[in-house]
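Naming convention: chains lettered A, B, ... in sequence-line order (proteins, then strands); numbering from 1 in each chain.
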Amino acid sequence: MRVFISSIQNELIKLLIGKRTWITLIIILGISIITAVGLFKENRDNQDWKADVESKLQSTEMELKNMEEMPYKYKKILNDEIELYRYYLEKNISPYEANVWKLINKSSGVMMILTIIIIIASSDSLAREFSKGTIKILLIRPINRWEILLSKFTALTLYSWMLIISWFILTLIIGSALFGGLGDFNIPHINSADGEIVMNSTGKLLLLKIIFQSIQILVFAAISFTISTLLRNNSIATAISLFLFLGSSIFYNLFQGKEWAKYILFSHLNLNEFINSKVNSVGFTLTESLLMISIYLVTILSVTVVIFSKKDIKV
Amino acid sequence: MMSESILEIKDVSKAISKKQIIHNVSLEVKPGEVVGLLGPNGAGKTTILKMIVGFYSVGEGEIYIDGINIASNKEKCLEKIGAIIESPDLYDNMTGLGNLKFCARFYSHVNSSRIQEAVELVGLTKSINQKVKTYSLGMKQRLGIAQAILHEPKLLILDEPTNGLDPEGIYELRNYIHTLTRKGISVLISSHLLSEMQIICDRVAIIQEGKLIDIIKVTTISDLDLSINKVTYQLWDKDSAEKAKKILREHNMKIHINDRDKLITIEINHLSEILKLNNLFHKVKIQFIQVSIQKENLEEKFMDIVKNKAGIQ
């Protein structure tokens, strides 16, 4: 166990001293600042929010009226917007009210960039050791091959959490400075879907998003790590994993409606579905979806460990 | 129970991609002994070493490290081995010390004073806090050795350790090896250079086409005529090659030139002349990649002895 923990420490050091970490932190900082300034300006420029919302309501209603032959999908979007504007006016809630939690929620698109960075780091993790020959340093140490793999994967998981926490703290600091304190954690996040108004606490919504997105990062890290371990080629692993990540919703739509589709991994990766619903689009509860993801994760990693442990290492 | 041999290879065979690479090799290394694996490139030396360190599974037969079968407890065996296989592979973006600390974390008994001891032994004290990417090949080789001996292994495995080293580096390496053997560490070293083996090893195992042809004591080799008569420098670039030609002609040295490969062979009478040449090149800033020493017909003479012993015509 001591050797395993030391190995995790070593892997974390390798990840942290790389240029990638600094570049990622700069990107995170940039996005947080831009989002913060945007939100601050929006809040400042819309002190008379009621007039603004009323004008938006009128123009949207006009648009809907004038374009009767528009596609149903577009009509639905406009109807949802109208419902939302009416709700703001009726309940006297400003859509431009901003605080730290709203800022962090708005900048949560960073998680997508973090997923891509973790995919690249996972592809590199073992394949790079082979291309540089440094795998030999690891293999001649008194550590099992499965421990080498699992310590690498554990380090990647911890690394992704470190990046997420860094984004969270950086945005929290920027937001607190700009908005003068933390503000209300439960500031409402209002959405309109299928003609119904859904109101959530922004803070709670944010935490759920972070947890769900972390799970998704973990899955794509495992996929990327497995491909790179089996093929020992980081470019191919990155390309395949990014293709799967960016196209996951397309794959899901492709197989939607088929009975077996509910058992494929991609049907369960959009955990955000559970924010407003007890079951996802394939009828699974959160627990069932998490169980499915765990089964896939364990299977993927087990296959990698077994193959890596048995193969002769040619470097 | 104490084992008599640190390394025991028993009837080991290995096939890779259905091709038989190693055939029934048996070899023992005793405590404090330096044993060489000698053979041409592709003879199977590295394959044997890779089986000992567990990169390759043992096809047939058994390998014991200090009495423990590597197939049954590889991790325990690896605690007793230090190795450089093919080249010292290091993390370039870490410092020398960072690399050593990285390896030290795998062993509970390696502390900072032991790291310092290893750094001093290989003479890297001044440059240990520099990033490895700034190191010369010789410095990397020394750091590789420090990494390999950090945990005080019972068996040190060195695969072609003098590759890329200048004569001074080779001399230093020999000294490290002798220092280690005095401490009871056994060394298994592979090379295709007979001259190197003769200086470093107690016994040499001759490997050819994956077969162990013979194991001979170095005293047998010493009977041969070992007078050095040629040294070849591979120059860094055309400019250095031109400079070298000019200066050697000025010193009336007998030289042979291979312009295409930037090789200059110089006829010398004594080993000490190599150091003089190195100093001369250093003084006028001539950069070279590699130096090799040739002993006329030594390899041929040696192989004749081996062939006679093995009854090969």
Colleague: Sub-4.5 Å heavy-atom contacts with chain B: which residues of residues 6-13 of chain A show up?
Modeller: A/S6, A/S7, A/Q9, A/N10, A/I13
Colleague: Among B/L90, B/N99, B/I157, which residue has the highest count of heavy-atom pairs closer than 4.5 Å to chain A?
Modeller: B/L90
Colleague: Test A/D312 against B/K14 for side chain to side chain contact (heavy atoms under 4.5 Å, CB included), laying out the working first.
Modeller: CA-CA 11 Å; A/D312 281 348; B/K14 175 76 182 172; 2.7 Å; yes
Colleague: Output the residues of residues 130-148 of chain A for which the shortest heavy-atom distance to chain B is under 4.5 Å, in residue-number order; output 'none' if no such residue exists.
Modeller: A/K132, A/G133, A/T134, A/K136, A/I137, A/L138, A/L139, A/I140, A/R141, A/P142, A/I143, A/N144, A/R145
Colleague: Taking NZ in B/K76 as the centre, count heavy atoms belonging to other residues, nucleotides or ligands within less than 6.0 Å. Is the count above 12?
Modeller: no
Colleague: Checking heavy atoms, do the side chain of B/K50, its backbone, both or neither come under 4.5 Å from chain A?
Modeller: side chain
Colleague: Take atom NZ in B/K74; do more than 12 heavy atoms of anything else shown fall under 6.0 Å from it?
Modeller: yes
Colleague: CZ of A/R128: more than 12 outside heavy atoms within 6.0 angstrom?
Modeller: no
Colleague: Can you tell me how far the NZ atom of A/K311 sits from the OH atom of B/Y56, to the nearest 0.5 Å?
Modeller: 12.5 Å
Colleague: May I ask you to test the A/R2-B/F106 pair for a side-chain heavy-atom distance under 4.5 Å?
Modeller: no
Colleague: Using non-hydrogen atoms and a 4.5 Å limit, figure out which bit of B/I16 sits close to chain A: side chain, backbone, both or neither.
Modeller: side chain
